[in-house]
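Here's the structure we're looking at; comments come further down.
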Protein chains: 2
Amino acid sequence: MSQMQNVERQLREMILALEIGPGERLTERWIEGRFGASRTPVRAALLRLETEGLVGRDGRGWTVSPINLAELEQIAVYREAVEIAALRLTCGQADKSAIDVIEAMLDSCDENTPREEWHRVGMDFHIELARLSGNEFLFRAVRDAMTRLSRARWLEVRDETALGRAWREHRAILAATRLGQADEAARLLSAHIVGSRDRLVTSLANDRRGLRARGFAVVAA
Amino acid sequence: MSQMQNVERQLREMILALEIGPGERLTERWIEGRFGASRTPVRAALLRLETEGLVGRDGRGWTVSPINLAELEQIAVYREAVEIAALRLTCGQADKSAIDVIEAMLDSCDENTPREEWHRVGMDFHIELARLSGNEFLFRAVRDAMTRLSRARWLEVRDETALGRAWREHRAILAATRLGQADEAARLLSAHIVGSRDRLVTSLANDRRGLRARGFAVVAA
DNA sequence: GATACCAGTTTGGTATCCCAAAATGGTATC
DNA sequence: GATACCATTTTGGGATACCAAACTGGTATC
């Protein structure tokens with residue numbers, strides 16, 4: 001694999017895992033040294049991550065995007081639009097066997113599963129569900145939205161109760177989809193997204209002081 | 001303005017104006033010479049345009065994305081999701097004065113207006129309407145979708161009848177939005193998008209031979 | 001003590017160089 | 001004439017050099 005893709009992948013992982021804090025300054029030279037690459041692949045990676053919303057320009061330099069509560073609320077609205085559209089397409093399809101694969105993803109998580117895995121599967125559920133629609137644009141929209149939500153969702157994943165609730169809602173959405181009940185599935189998905197947003201925004205507002213103490217920039221709604 | 005943004009903007013314009021044909025090979029060295037910039041800004045521009053879907057990788061090199069009928073159909077579905085979501089948000093807003101600005105855009109086009117202007121305003125109508133929603137993600141989704149449609153829409157703009165019809169539909173959508181009639185506005189917008197897609201796909205299927213004769217790559221649905 | 005100012009350093013933007021891989025084109029062979 | 005083969009050129013990926021602008025830290029001035 002090329003250096004370019006390596007730097008991009010590794011830097012993205014560090015940002016998403018909060019190993020580089022939201023709001024933190026980035027210099028091309030630091031990344032260069034950190035990953036043993038030259039500036040050419042570093043710049044390519046930064047340009048990519050900029051379009052993903054993970055880093056942004058701060059005057060002349062680069063900054064890891066802060067966690068932005070207003071953005072989280074806007075993303076929820078965006079998700080409702082694209083995820084429901086994708087789900088309705090999927091409900092209309094004859095072959096529902098692919099849904100079993102997604103259900104199996106959910107089943108793979110139990111009390112012994114590490115948090116990172118719950119976090120990943122919780123995102124992949126929505127991404128893979130959108131992929132089933134067969135619409136590349138809806139799929140990418142969902143994937144990109146989940147990427148932007150990823151860092152904030154580390155909070156949700158700390159809460160056992162919230163996880164159990166999310167998984168129940170996921171299963172209910174799959175059940176309705178399997179039966180082709182588009183309206184019901186859409187209603188459940190909408191409620192899931194809105195509820196998820198509410199829990200996230202509440203958690204973030206509560207933890208804001210703690211996060212700032214860790215040096216994380218959290219922008220209010 | 002920096003070279004980087006210049007190359008990006010100029011190259012995008014050449015591609016959207018079909019001055020560089022769909023499917024055409026691009027070399028970084030050619031762009032370098034064409035715009036008098038070095039490879040660093042050229043590569044930044046290519047990376048950006050890649051995320052916009054205007055250029056793509058062809059093995060090791062770069063290619064101007066072909067016009068893809070299957071993609072046009074998927075974009076229509078995507079547009080229905082995001083544009084209607086945005087429109088519903090706008091319908092729920094108290095202040096409707098911004099709609100007058102959009103109506104004025106439509107009014108600015110008459111029989112003396114050049115085709116390029118009709119083309120631009122036809123896209124900006126949808127982009128600016130989405131902007132009124134206040135949701136940055138829905139706005140960007142619509143803007144990016146219109147960018148991808150832009151090249152194919154040169155065909156629609158050649159057809160007087162289609163233009164008149166589109167403008168009437170635009171005005172009807174604005175009228176319903178101004179009254180806050182979300183369902184009616186959504187219905188009109190949906191019909192407009194679907195109709196527009198049908199005319200576009202039909203035109204493209206008919207002109208496909210002619211386009212190919214001009215060296216343009218057109219991929220079937 | 002506060003502030004204006006200046007030299008030195010850092011940084012992103014750009015240009016250029018190097019390299020391996022791929023494309024090209026001509027030639028020898030059958 | 002078609003084809004296999006090889007030397008040459010081209011090309012994108014990467015590394016490095018250079019520059020101007022921004023930043024930093026300290027100093028002189030009031």
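Keep in mind it's a predicted model, so treat the numbers as computed, not measured. Convention: sequence-line order gives letters A, B, ...; per-chain numbering from 1.
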I need the [atom1]-[atom2] distance between [X] and [N], as an integer number of Å.
X	N	atom1	atom2	result
Trp62(B)	dA23(C)	CH2	C1'	19 Å
Glu28(A)	dT14(C)	CD	C1'	11 Å
Leu26(A)	dT10(C)	CG	C1'	15 Å
Ile31(A)	dT10(C)	CD1	P	18 Å
Arg39(B)	dC18(C)	CZ	C1'	11 Å
Glu8(A)	dG14(D)	CD	P	11 Å
Asp58(B)	dT10(D)	CG	P	20 Å
Trp30(B)	dA23(C)	CH2	C1'	20 Å

Practice prompt. With sequence neighbours left out, write down each residue that passes salt bridge (charged side-chain N to carboxylate O under 4.0 Å, His left out) with Arg151(A), or none if nothing qualifies.
Written response: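 With neighbours one apart ignored, the set is empty.
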Item to complete: With heavy atoms under 4.0 Å as the rule, sort Thr40(A) into base, sugar-phosphate or nothing.
Response: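 If one applies the 4.0 Å heavy-atom cut-off, Thr40(A) turns out to touch a base.
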Practice prompt. Can you check whether any acceptor in the base of dG14(D) is under 3.5 Å from a donor in the side chain of Arg43(B), or vice versa?
Written response: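 Side chain to base: pair present.
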Discussion item. Regarding Arg43(B) and Glu28(B), does a basic nitrogen lie under 4.0 Å from an acidic carboxylate oxygen?
Written reply: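 Between Glu28(B) and Arg43(B) there is a salt bridge, with a charged N closer than 4.0 Å to a carboxylate O.
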Discussion item. Run the side chain to side chain contact (heavy atoms under 4.5 Å, CB included) test against Asp159(B) and tell me which residues pass, sequence neighbours left out.
Written reply: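 So Asp159(B) forms a side chain to side chain contact (heavy atoms under 4.5 Å, CB included) with Thr161(B), Ala162(B).
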Worksheet item: How are the rings of Phe125(A) and His170(A) set relative to one another: parallel (under 30°), tilted (30 to 60°) or perpendicular (over 60°)?
Response: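 Phe125(A) vs His170(A) ring planes: parallel.
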Worksheet entry | Pairs flagged by ring-ring contact (aromatic ring centres under 6.0 Å, His included) wherever residues 38-84 of chain B is involved - sequence neighbours left out |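 The answer is Phe137(A)-Tyr78(B).
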Fill in: Under 4.0 angstrom between Arg57(A) side-chain N/O and dG13(C) OP1 or OP2
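Affirmative; the distance criterion is met.
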Worksheet item: With respect to the phosphate group of dA15(C), does any side-chain polar atom (N or O) of Ser38(B) fall under 4.0 Å of OP1 or OP2?
Response: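 For dA15(C), OP1/OP2 do have a side-chain N/O of Ser38(B) under 4.0 Å.
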Worksheet item: Who are the ring pair (Phe, Tyr, Trp, His ring centres under 6.0 Å) partners of Phe35(A), not counting sequence neighbours?
Response: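 Ring pair (Phe, Tyr, Trp, His ring centres under 6.0 Å) check on Phe35(A) returns nothing, list empty.
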Discussion item. I'd like to compare against my own output: the B/S/- annotation of nucleotides 19-25 of chain D with a strict under-4.0 Å heavy-atom distance to protein.
Written reply: --BS---
Worksheet item: Taking any strand in view, what nucleotide pairs with dT29(C) in a Watson-Crick or G-U wobble way, both distances under 3.5 Å?
Response: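 Pair assignment: dT29(C) / dA2(D).
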Item to complete: Would you list the pairs meeting salt bridge (Lys or Arg N to Asp or Glu O under 4.0 Å) in which at least one residue belongs to residues 46-55 of chain A, sequence neighbours left out?
Response: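 Pairs touching residues 46-55 of chain A that pass the test: Glu8(A)-Arg48(A), Arg12(A)-Glu52(A), Arg48(A)-Glu50(B), Glu50(A)-Arg57(A), Glu50(A)-Arg48(B).
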